[in-house]
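Input: a single structure, listed below in structure tokens.
Sequence lines set the chain letters: A, B, ... in the order given, protein chains first and strands last, and positions in each chain run from 1.
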Protein chains: 2
Amino acid sequence: MTSPPLPDNAHEQDGCDNAPIRLEEFLPYRLNQLASEVSQSLAQAYGEAFGISVPEWRILATLGQFGMVTARDIGTHSRMHKTMVSRAVATLEGRDLIIRQANQADLREAFLSLTPEGKALYRKIVPLARGFAADLCQDLSPEDLVRLNILLDRLSERVRSFGQQSSQA
Amino acid sequence: MTSPPLPDNAHEQDGCDNAPIRLEEFLPYRLNQLASEVSQSLAQAYGEAFGISVPEWRILATLGQFGMVTARDIGTHSRMHKTMVSRAVATLEGRDLIIRQANQADLREAFLSLTPEGKALYRKIVPLARGFAADLCQDLSPEDLVRLNILLDRLSERVRSFGQQSSQA
DNA sequence: TATTGTTATACTCTATAACTATA
DNA sequence: TATAGTTATAGAGTATAACAATA
């Protein structure tokens with residue numbers, strides 16, 4: 001900044017609802033900032049080590065967690081759009097990290113699962129990701145972590161209740 | 001999912017570091033998900049009401065908070081890249097919401113501030129944004145909010161310490 | 001030489017629409 | 001008619017590089 005810390009404009013306003021918002025204290029901004037820094041930092045780590053993107057990591061993580069599911073299941077669980085799932089699955093299939101097996105009971109869909117190479121990669125990424133999360137939470141006590149997760153749960157539930165009447169697609 | 005809740009693959013692994021990660025409990029994923037849902041929801045609200053984007057809101061918020069600063073200051077404070085600041089400033093200037101005044105002491109930069117129209121818009125957005133944040137935090141007590149902010153601060157400090165040796169640009 | 005800011009360009013993630021093939 | 005998945009395309013937001021003007 002030109003002369004940090006900049007004085008803010010609170011004195012120009014009166015009342016509470018009309019006082020300026022301090023961006024750096026505004027929860028939506030803070031969450032966005034923290035999440036993108038965390039996400040980029042982690043993605044850089046596994047990207048450099050294993051050459052995979054965020055959507056690809058989510059596919060691997062979902063298959064590592066559930067074993068064999070459809071593309072639709074992956075999208076539901078990882079909250080990714082079906083087009084993104086389709087592309088990431090195609091990339092991972094091209095690298096022989098996952099295999100596709102037709103569902104004979106419904107030929108529109110296919111069951112996806114990790115190949116041995118995919119499993120080997122997954123087993124390498126997991127400790128990296130877990131280590132990253134542990135490093136990130138280094139200054140939080142176990143009780144802090146429990147509290148944080150409870151608070152994030154409440155916020156998630158709340159924000160999801162906002163969009164319930166509108167976007168159903 | 002095909003048959004929710006899907007059983008996970010924990011039984012296929014042994015040890016702790018090699019156990020699958022549950023994506024929905026993995027902090028980087030959770031933060032990313034919550035932040036993007038909150039951000040999209042808020043951006044939709046002020047986007048529909050006032051026709052502005054996230055970067056434009058950040059410009060307005062910074063100018064509303066500090067009064068008169070340079071594009072560089074805005075980028076520093078809102079953690080936006082200078083190219084994004086440049087574009088958002090140009091858009092807002094085109095809508096006569098902000099004005100640019102050359103710094104006679106350094107003609108490379110200019111001081112930016114809200115026009116009367118910009119201030120009027122800002123004073124309409126602030127209650128909307130504040131109301132959104134209050135709705136979001138409805139299920140959190142004042143103590144919860146204090147705790148949440150402390151925890152987010154610690155995580156932010158920690159993640160920023162990760163990238164200190166590498167990317168300086 | 002270094003810095004402010006603009007423009008061109010590209011990349012990632014997200015999203016809509018149009019399509020196929022199946023049901 | 002509806003659903004699983006693919007492809008084309010477009011939109012945010014972010015970033016790098018090249019540049020002009022200024023310091």
Which of the following nucleotides, [options], is nearest to the side chain of [X]?
X: B:E109; options: D:dG5, C:dT22, C:dT4; answer: C:dT4
X: A:A71; options: D:dG5, D:dT22, D:dA2; answer: D:dG5
X: B:R100; options: C:dT6, D:dT16, D:dT6; answer: C:dT6
X: B:R87; options: C:dT9, D:dT22, D:dA17; answer: C:dT9
X: B:M84; options: C:dT4, C:dC13, D:dG13; answer: D:dG13
X: A:S86; options: D:dG13, C:dT3, D:dT6; answer: D:dT6
X: B:D106; options: D:dT22, D:dT6, C:dA15; answer: D:dT22
X: B:K82; options: C:dT6, D:dA15, C:dT16; answer: C:dT6
X: A:P55; options: C:dC13, C:dT4, D:dT7; answer: C:dC13

### Task
Group every Ile, Leu, Val, Met, Phe, Trp and Tyr by side-chain heavy-atom contacts under 4.5 Å, then state whether A:I99 and A:F66 land in the same group.
no
Which whole-number value in Å describes the distance from [X] [atom1] to [N] [atom2]?
X: B:Q101; N: C:dT4; atom1: CD; atom2: P; result: 19 Å
X: B:R108; N: C:dT4; atom1: CZ; atom2: P; result: 6 Å
X: B:W57; N: D:dG13; atom1: CH2; atom2: P; result: 14 Å
X: B:D73; N: C:dT3; atom1: CG; atom2: C1'; result: 13 Å
X: A:L112; N: D:dA4; atom1: CG; atom2: P; result: 14 Å
X: A:L107; N: D:dT3; atom1: CG; atom2: C1'; result: 14 Å
X: A:H81; N: D:dG11; atom1: NE2; atom2: C1'; result: 13 Å
X: A:Q40; N: D:dA15; atom1: CD; atom2: P; result: 5 Å

### Main-chain N/O of B:L140 paired with A:R154 side-chain donor or acceptor, under 3.5 Å
no
If you look at every strand shown and take non-hydrogen atoms under 4.0 Å, does [X] touch a base, only sugar-phosphate, or nothing?
X: B:A110; result: sugar-phosphate
X: B:V54; result: sugar-phosphate
X: B:T83; result: base

### Position toward the 5' end of DNA chain C (nearest nucleotide), A:N103 or B:V89
B:V89
### Query
Taking for each residue the nucleotide of DNA chain D bearing the nearest heavy atom, is the 5' side occupied by B:A105 or by A:N32?
A:N32
### Task
Using the closest heavy atom to pick a nucleotide of DNA chain D for each, name whichever of A:V85 or B:Q104 lands nearer the 5' end.
A:V85
### Task
Consider only side-chain N and O atoms of B:R158 and A:Q138, and report whether a donor and an acceptor are under 3.5 Å apart.
yes
Kindly compute the distance separating [atom1] ([X]) from [atom2] ([Y]), expressed to the nearest 0.5 Å.
X: A:L27; Y: B:L145; atom1: CG; atom2: CG; answer: 7.5 Å
X: B:R58; Y: B:R79; atom1: CZ; atom2: CZ; answer: 11.0 Å
X: B:Y29; Y: A:S39; atom1: OH; atom2: OG; answer: 11.5 Å

### Query
Would you say C:dT4 has OP1 or OP2 under 4.0 Å from some side-chain N or O of B:R72?
yes
